[in-house]
Amino acid sequence: MEAAACGPALQFPPHVWSNRNGGKQRNNLPSRRSNLRLVTVRDSRRKLGFLRQRKPPVGLLPTCECSQVVPALEAGYLRASSNGNWLLKTKAQEVSSCLDGRSIFLVGMMGSGKTTVGKILSEALGYTFVDSDKYVEQAIGQDSVTQIFKQRGECIFRDYESDALRKLSFMPQQVVATGGGAVVRPINWKYIRQGVSVFLNVPLDALARRIAAVGTDSRPLLHFESGDPYTQAFVGLFTLSKKRAESYASADVTVSILDLAANLGVEDVLDVTPTAIAIEALVQIEKFLQGNVSRRLFP
Ligand SMILES: Nc1ncnc2c1ncn2[C@@H]1O[C@H](COP(=O)(O)OP(=O)(O)OP(=O)(O)O)[C@@H](O)[C@H]1O
Ligand SMILES: O=C(O)C1=C[C@@H](O)[C@@H](O)[C@H](O)C1
């Protein structure tokens, strides 16, 4: 059954999304043409359909109240709203009932924003935020992942990481930022699948730029002897992503920051704000859950 049929796409004002490009023109109400570019769900039905409330097919949504935002959308209220946090909170309230206590596991390459977006999501949902890297640091009793890699080796780190995910998988109402490489061990998916998994898909060039800006010292798998920080980061990320692409793609939900930027008319993907990404994640989680009501883990 198509989940998209039962929930509206949430529409956002441009200044909610953009870090740098939210200039004068974007702070006005968007033109009709630019409105269409802002829609977050990319399918052929989105053009005008998102403004209309659709009735869910009978039996598809026994528990979720997923259409409460629609009257506000129809009134044009959301388009005029300048408050990204308000949108986030509103969407989080809706998605809460669909989530029914299930945790969210964010997966993605290092630097993709799992921690940043995870904190925002957890606050909006009233969930606890857990950074799995920090969890491992505490479990091992060392200050940083870099130190653990140096002194104990990657294999020990991965063992602790699996143990962390196993323990976290028993706990409801958490947003977990997993380590970038957590997806590689199949056993970890058993744990991650106890909640809803969300892949933050950020283009490698953007990741490399972001990581190069702070240096690769804190990223043991990207720290090489030669090359400028951007090249080190890009080459390392490229190699890792080839091995991981398939695993990331098996997440329940993918948030493509490239698509999001394109839909919003934001030129540089790095200018899409964490709040915008969090809202988009909620929209996609809601769609996923609407199609998977039988997979309830916390009845
Ligand atoms: N949408 C965003 N806009 C601006 N800066 C961002 C955004 N997302 C992340 N950042 C910045 O990028 C850096 C990396 O982000 P973050 O730590 O959230 O990534 P991560 O996926 O948790 O990385 P890791 O797996 O290595 O822990 C941080 O400095 C953060 O402030
Ligand atoms: O992508 C990876 O393999 C890693 C990402 C970080 O979150 C840390 O878990 C560690 O640096 C390894």
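In what follows, every heavy atom counts, from backbone to side chain, and hydrogens, waters and symmetry copies are set aside. Just so we're clear, the structure is a prediction, and the values are computed from it rather than from any experiment. Indexing begins at 1, ligand by ligand and atom by atom, following the structure's order.
When non-hydrogen atoms are compared, ligand 1 lies under 4.0 Å from the backbone of Met110 as well as from its side chain. Using a 4.0 Å cut-off between heavy atoms, Val214 makes no contact with ligand 1 at all. Under 4.0 angstrom from ligand 2, there are no non-hydrogen atoms of Thr146. Only the side chain of Ile277 comes within 4.0 Å of ligand 1, judged by heavy-atom distances.
Of all atoms in ligand 1, listed by their number and element, those nearer than 4.0 Å to a heavy atom of Val272 are 1 (N), 2 (C), 3 (N). The Ser112 neighbourhood of ligand 1 comprises atoms 19 (O), 21 (O), with distances under 4.0 Å to a heavy atom of that residue. Listed by atom number, the atoms of ligand 1 under 4.0 Å from Met109 heavy atoms are 21 (O). Taking every heavy atom of Pro274 and a limit of under 4.0 angstrom, the matching atoms of ligand 1 come to 1 (N), 2 (C), 3 (N). Ligand-side atoms of ligand 1 in range of Thr273: 1 (N), range being under 4.0 angstrom from any heavy atom.
A salt bridge does not link Glu123 to Lys119: none of the charged nitrogens lies less than 4.0 Å from a carboxylate oxygen. Under the 4.0 Å criterion applied to side-chain N and carboxylate O atoms, Lys114 and Asp131 are not assigned as salt-bridge partners.
In this structure, CG on Asn201 lies 7.5 Å from CD1 on Ile257, to the nearest 0.5 angstrom.
Each of Glu137, Lys150, Gln151 was evaluated against Gln142; a single residue qualifies, Gln151, per the side-chain hydrogen bond (donor to acceptor under 3.5 Å, both in side chains) test.
At least one heavy atom of Gly111 sits closer than 4.0 Å to an atom of ligand 1. Glu154 does not count as a contact of ligand 2, since none of its heavy atoms falls under 4.0 Å from the ligand. The closest approach between a heavy atom of Glu137 and any atom of ligand 2 is not below 4.0 Å. At a 4.0 Å cut-off, not a single heavy atom of Ala177 sits close enough to ligand 1 to count as contact. The shortest separation from a heavy atom of Gly179 to ligand 1 is not under 4.0 Å, leaving the residue out of contact. Look at Met110 and you'll find a heavy atom under 4.0 Å from some atom of ligand 2.
Asp159 meets the side chain to side chain contact (heavy atoms under 4.5 Å, CB included) test with Arg185; sequence neighbours excluded. Listed by chain and number, the residues in a salt bridge (charged side-chain N to carboxylate O under 4.0 Å, His left out) with Asp163 are Arg166, Lys167 (sequence neighbours excluded).
Among the atoms of Asp133, some N or O lies under 3.5 angstrom from an N or O of ligand 2. In terms of polar-atom proximity, Thr178 is not counted as a contact of ligand 2, lacking any N or O under 3.5 Å from an N or O of the ligand.
With respect to atom 1 (O) of ligand 2, the closest heavy atom belonging to the protein is Arg244 NH1, 2.7 Å. Shortest contact from atom 12 (C) of ligand 2 to any protein heavy atom: Arg158 NH2, 3.8 Å. Looking at atom 5 (C) of ligand 2, its nearest protein heavy atom turns out to be Gly180 N, 3.3 Å. In this structure, atom 10 (C) of ligand 2 lies nearest to the protein heavy atom Val145 CG1, 3.6 Å.
Taking the six-membered ring for Trp and thresholds of 30 and 60 degrees, Phe157 and Phe149 have ring planes inclined between 30 and 60 degrees apart.
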